[in-house]
Participant: 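The structure's right below; bear with me while I get my questions together.
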Amino acid sequence: MTTGHTESDGERLQKVLARAGLASRRRAEELIVAGRIRVNGEVAVLGRRVDPGRDTIELDGVRVVSDTTLVHYLLNKPRGVMSTSSDPEGRPTVVELVPAEPRVFSVGRLDLDTEGLIVLTNDGELAHRLMHPSHGVEKEYYAEVDGVPTPATLRRLREGVELDDGITAPAKVRLVDQQPGSGVRGSSIVAVILHEGRKRQVRRMCAAVGHPVERLVRVRIGPIADRSLTPGQWRPLSTAEVRALDAATQGKVLNDAG
Ligand code: URA
């Protein structure tokens with residue numbers, strides 16, 4: 001089907017790149033001249049015009065979000081809030097903590113009792129890539145557990161724990177802190193970094209090795225962390241952060257925004 005759209009319609013590419021927060025117009029022109037910008041898979045030349053709502057623009061192979069209707073929020077989900085968009089039982093939901101318009105949804109889930117970082121967006125493409133297990137973006141959790149795991153137990157958590165839905169994939173696990181004095185067995189904080197995201201995975205892994213989770217906080221999603229957000233607070237992700245997340249879904253690490 002033809003829509004009458006041609007490359008001479010639309011806005012100048014450098015203007016769209018600048019508006020996307022990627023770089024100044026001048027720098028955007030340099031990026032185009034350097035051959036680092038692709039439009040719909042083809043290297044763009046200076047003078048190229050684009051339709052920001054339709055054309056796919058990339059810098060160094062990573063998408064540039066040029067559609068100004070897309071929003072991306074980082075929320076610190078409090079305990080007791082559902083990460084679904086609505087709850088038949090009327091419990092509070094994450095979408096009630098961010099602006100109502102445009103409508104957003106959460107990327108993945110955290111348990112009702114889990115706190116920490118969650119992305120809310122109307123960007124279906126990013127959400128799809130982040131939730132796809134093959135893209136394996138790391139998620140880091142701080143689990144406050146009952147007791148203090150021994151080095152051998154930490155190794156079990158790292159190497160794989162037998163759960164009722166199968167053995168867990170290798171994980172990065174380290175003891176962050178221990179409070180031998182609290183409770184009968186003391187307690188500790190264990191950092192767990194997962195690529196998979198099975199239901200209640202951290203809670204089930206820790207329980208399976210004899211250290212039930214008392215509190216669970218997600219502190220990082222791929223390259224995104226923010227210790228300054230208090231529970232219930234949110235902020236927009238920056239252009240650089242959205243790019244870094246996009247890059248992470250492609251197994252890339254960005255060290256600058258262009
Ligand atoms: N693992 C859990 O057990 N719960 C979460 O919410 C996320 C990871």
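Just so you know, ligand 1 is whichever comes first in the structure, and atom 1 is the first atom listed for that ligand. These numbers come from a predicted model, not from an experiment. The figures here come from the full heavy-atom set of this structure, side chains too, leaving out hydrogens, waters and symmetry mates.
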Participant: Within this structure, what is the CD1-NE2 distance for the pair Ile224 and His72, rounded to the nearest 0.5 Å?
Facilitator: 10.5 Å
Participant: Report the C-alpha distance between Arg203 and Thr114 in whole Å, list the side-chain angles of each, state the deciding distance to 0.1 Å, and finish with yes or no for side chain to side chain donor-acceptor pair (under 3.5 Å).
Facilitator: CA-CA 10 Å; Arg203 292 176 192 277; Thr114 301; 2.8 Å; yes
Participant: More than 12 heavy atoms of other residues, nucleotides or ligands under 6.0 Å from CZ of Arg155: is that the case?
Facilitator: no
Participant: Can Leu110 be reached from Leu194 by stepping across I, L, V, M, F, W or Y side chains whose heavy atoms are under 4.5 Å apart?
Facilitator: yes
Participant: Within the structure, does Arg109 bring an N/O atom to less than 3.5 angstrom of an N/O atom in ligand 1?
Facilitator: no
Participant: For ligand 1, which atoms, with element, lie under 4.0 Å from some heavy atom of Tyr141?
Facilitator: 7 (C), 8 (C)
Participant: After noting the C-alpha distance and the side-chain angles of Arg26 and Glu29, does the key distance pass the salt bridge (charged side-chain N to carboxylate O under 4.0 Å, His left out) rule?
Facilitator: CA-CA 5 Å; Arg26 180 76 208 284; Glu29 285 179 10; 5.3 Å; no
Participant: What distance do Gln14 atom CD and Ile37 atom CD1 have between them, rounded to the nearest 0.5 Å?
Facilitator: 10.5 Å
Participant: Out of all atoms in ligand 1, which are within 4.0 Å of some heavy atom of Gln201? Include the element for each.
Facilitator: 1 (N), 2 (C), 3 (O)
Participant: Please state which protein non-hydrogen atom is closest to atom 1 (N) of ligand 1 and give its distance, to 0.1 Å?
Facilitator: Val202 N, 3.1 Å
Participant: Does only the side chain of Leu216 get under 4.0 Å from ligand 1, or the backbone, or both, or neither? Count heavy atoms.
Facilitator: side chain
Participant: Among all the protein's non-hydrogen atoms, which is closest to atom 4 (N) of ligand 1, and how far away is it?
Facilitator: Asp111 OD2, 2.7 Å
Participant: Heavy-atom contacts with Thr114 under 4.0 Å: which atoms of ligand 1 show up? List them by number with element.
Facilitator: 4 (N), 5 (C), 6 (O)
